[in-house]
Asks: 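Could you have a look at this structure, given as structure tokens, before my questions?
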Amino acid sequence: MIIDLRSDTVTKPTKGMLDAMITTQVGDDVYKEDPTVNALEMRLAKMFGKDEALFFPTGSMANQAALKLHTNPGEQVICDKYAHIYNYEGGGASFNSGISCKLIDGHRGMFTAEQAEASINPPDFYHSPLTSLIAIENTTNKGGGAYWDFEALTRIKEVTDKHNLGYHLDGARLWNALVATNETPKQYGELFDTISVCLSKGLGCPMGSVLIGNKELMQKAVRVRKILGGGMRQIGYMAACGMYALDNHLSRLEEDHKKAKAIAETLSKLSKIKHVEPVDTNIIIFELNDDVNELEFINKLKEKHIYIIGMGSNKLRMVTHLDYTDNMHEMVLSILKDF
Ligand SMILES: *Cc1c(COP(=O)(O)O)cnc(C)c1O
């Protein structure tokens, strides 16, 4: 048995999800004739109190489309130095939208309204790129699954209003933040112009992300998705997984968070480990002592059939998820205790 804690994307569809998939109705979604996709999009738009939602194959494509909706070539997006849109989307911001990122040196992937406002280039100073967007990530991936204080997000919204900037949320793991804080999707819908959410992470779908926003922006989103090659045909089979996951896999995220906290507690007692970052949701990031070799540590765990991943600079990551069972959890805790 392999215990795969590299990411919450390694999950496989459950029996219930597979059943939902094969019994659903599909059509050609490029003609907007897939009833399951239409239902999923409408459900998510309503859930967030927005006009429209659009199904994408990946979270990267949903974010990339959002960047394009908010910017023109040569302009600039403000984000944290840990942001997924900057670190992990293959340079897509510059490739697809011709924009640059102004990085904020934040804390665990999060920053303040003051930092955001100080990063805006004066619009009449034509030597600098024109700032057109602020992008937030919640929870933060490289920041160790941290969630934002909602008040801080509201204060940044005041900055975007004052300076007439777009406000995008990369909510790949927003579900984890919602479950951990008891905040509602509508609260987020009121704040942000666009929100991307992943179905293929904590919710356990094989693929799919959804971009949510109001009509004016979202009308353009269909064309941008087409340009990026993301117009899909009978994709309702995948949307059915999303519907099933929203019904069945949302509130259980709490279990993932509990397990992650227990792993962190065990790790913090190990002599080989210098520091374990605070665990807010389902991601555990920890740093090894300087004299411990990262690759050796990973391979030693691999010998015990536990897979984890390196994040660079002697930091390692574990992520709990739907396929990480109670049994596996007991095994991991007992293996780690004498590691
Ligand atoms: C996973 C992730 C995405 C999307 O990734 P895909 O692999 O393209 O679906 C976007 N943002 C964050 C913060 C993520 O963790």
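Counting convention: from 1, in listed order, for ligands and their atoms alike. Numbers here simply count residues along the sequence, with the first being 1. Atoms considered below: every heavy atom in the structure, side chains included; atoms not considered: hydrogens, waters and symmetry mates.
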Asks: Out of curiosity, does L217 fall in the hydrophobic cluster containing F48 (side-chain heavy atoms, cut-off under 4.5 Å, transitive links)?
Replies: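 No, because F48 and L217 fall into different hydrophobic clusters, even though each may have its own neighbours under 4.5 Å.
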
Asks: Of I298, L5, I2, which is the lone residue that meets side-chain contact (heavy atoms from CB on, under 4.5 Å) with I306?
Replies: L5

Asks: Under the 4.5 Å side-chain heavy-atom rule for ILVMFWY, direct or indirect, which residues accompany I285?
Replies: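 Hydrophobic cluster check, I285: joined to Y88, I283, M311, V319.
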
Asks: Using the salt bridge (Lys or Arg N to Asp or Glu O under 4.0 Å) criterion, which residues pair with D291? Sequence neighbours excluded.
Replies: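 Residues passing salt bridge (Lys or Arg N to Asp or Glu O under 4.0 Å) with D291: none at all.
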
Asks: Short N or O contacts of ligand 1 with protein, under 3.5 Å, listed by atom name?
Replies:
unit_1   : atom_1 : unit_2 : atom_2 : d
ligand 1 : 8 (O)  : S60    : N      : 2.8
ligand 1 : 8 (O)  : S60    : OG     : 2.6
ligand 1 : 9 (O)  : G59    : N      : 2.9
ligand 1 : 11 (N) : H84    : ND1    : 3.4
ligand 1 : 11 (N) : D170   : OD1    : 3.0
ligand 1 : 11 (N) : D170   : OD2    : 2.6
ligand 1 : 15 (O) : N141   : ND2    : 3.0
ligand 1 : 15 (O) : R173   : NH1    : 3.1
ligand 1 : 15 (O) : K201   : NZ     : 2.7

Asks: Sort and list the pairs that fulfil salt bridge (Lys or Arg N to Asp or Glu O under 4.0 Å) and have at least one residue in residues 76-87, not counting sequence neighbours.
Replies: K81-D105

Asks: Verify, without hydrogens or angle tests, whether N38 (side chain) and K32 (backbone) share a donor-acceptor contact under 3.5 angstrom.
Replies: yes

